[in-house]
2 protein chains.
Amino acid sequence: MRLTSRQEQIIELVKENQPITSEQIASKLKVTRATLRPDLAILTMSGILDAKPKVGYIYANKPSYSMLYDYLNETKVEKVMTKAILLNEDEWVYDGIVTLFLNDTGTLYVENDGKLVGAVSRKDFLKTAMGGSDLHKIPLGIIMTRMPNIVYTTKEQSVYEAAKKIIEHEIDSLPVIDNSSDSDGFRVIGKISKTNITKILIDLCEKK
Amino acid sequence: MRLTSRQEQIIELVKENQPITSEQIASKLKVTRATLRPDLAILTMSGILDAKPKVGYIYANKPSYSMLYDYLNETKVEKVMTKAILLNEDEWVYDGIVTLFLNDTGTLYVENDGKLVGAVSRKDFLKTAMGGSDLHKIPLGIIMTRMPNIVYTTKEQSVYEAAKKIIEHEIDSLPVIDNSSDSDGFRVIGKISKTNITKILIDLCEKK
């Protein structure tokens, strides 16, 4: 929220003189207590100041971010997801790595009959490549993480839930699954990554 | 911010009757306009309502995230950075990959005489490994991205600036440099990644 210059003045006064009563603030600013009331209400409700009964105001600087939580909890994954790169499990590891670079992505998803069956990350590819095997002779199906061991999200889940899964499972991205009744289940329709989430934070700061 | 039940009531009234004047809201809630003033100030300042002169209040629901911006702009990288994994440029690519896995990290930083000289990412390692060369015979210095082509941050920069650099340069993490006068410049003291930033978002939502 944008503060008025008087609210900024009040914050400075409290920082320098805390604890300070509303009478003292009013006298220093040469206004009445009634004039100050809305400002003090805004500053305490937003968590910038804390009002200690019979003591006065102190500088708390603990803004409540429940507005941020509401936004992330109401914004669905569908709105921020990006394209998932999909391959079949009988494709070669070599071709998988080339696809990874050409699409500048971190994880490939593996489909079979239009259903998610696996995921291969840069780490999986690196392990295989450092082993010295012929990458033209190993299919993705051998090195991929296989369902049901893949953490995924759905287009209806919130960005907050998806971000929590990414952090809790220490992964870079989640495939987004369409599990609506008309879909056959586990069709990959996108992905959400730490990049998407970092971008949201920047966009919110820039009020886009 | 947490809203009071009166503020919630005001929002509902505005949603149903917009545009609505403060007189009309006061009469519906059976309070005086003076009583409503702080509530209306909070609701407009927070971007939930919009006040149209000579028309009344409308429901805007454009929360301002400048509080989030202030937090990210005031929080220094130093406070959220994690450990950087450092190697020397004459170490073998093979050992670099092993170090990467053992530390479960995405990027290694390369030092020479205590100064940042390079960075090697999973992508760099993967390119080298898929080439089929003997990884025990290639030093990191050959495959690393070399200064001055490394985007970095300092401990004094804000998390917001660091996050912007990560997104703009499409990279996973930044080394954190100590460039204070008593340091010899370019000493790596940590790193900040998209994981750190995603965690900040979750922590803010959970008000940690």
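In what follows, chains carry the letters A, B, and so on, assigned in the order in which the sequence lines appear, proteins first and then strands, with residues in each chain numbered from 1.
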Checklist outcome for this item: Comparing Met130(A), Glu170(A), Lys123(A) against chain B, the one with the most heavy-atom pairs below 4.5 Å turns out to be Lys123(A)

Item to check | Option in Ile200(B), Ile197(B), Leu40(B) with maximal non-hydrogen atom pairs under 4.5 Å from chain A | outcome: Ile197(B)

Item to check | Trace of the side-chain contact (heavy atoms from CB on, under 4.5 Å) decision for Tyr160(B) with Glu206(A) | outcome: CA-CA 10 Å; Tyr160(B) 177 71; Glu206(A) 297 176 348; 2.8 Å; yes

Checklist entry - Given that the side chain runs from C-beta out, which part of Leu135(A) has a heavy atom under 4.5 Å from chain B: side chain, backbone, both or neither? => result side chain

Checklist entry - For Leu100(B), is it the side chain, the backbone, both, or neither that has a heavy atom closer than 4.5 Å to a heavy atom of chain A? => result side chain

Next on the checklist: Just verifying a value: how many Å separate Tyr59(A) OH and Lys15(A) NZ, rounded to the nearest 0.5 Å?
Outcome noted: 4.0 Å

Checklist entry - Passes side-chain contact (heavy atoms from CB on, under 4.5 Å), Leu87(B) versus Thr99(B)? Steps please. => result CA-CA 9 Å; Leu87(B) 285 179; Thr99(B) 306; 3.9 Å; yes

Item to check | Atom group of Leu126(B) that falls short of 4.5 Å from chain A, counting heavy atoms | outcome: both

Next on the checklist: For Asp39(B), which atoms come within 4.5 Å of any heavy atom of chain A: side chain, backbone, both, or neither?
Outcome noted: neither

Checklist entry - Is a side-chain donor-acceptor pair under 3.5 Å present for Thr21(B) with Gln24(B)? => result yes

Checklist entry - Among Ile20(B), Leu36(B), Thr4(B), which residue meets the side-chain contact (heavy atoms from CB on, under 4.5 Å) test with Ile10(B)? => result Leu36(B)

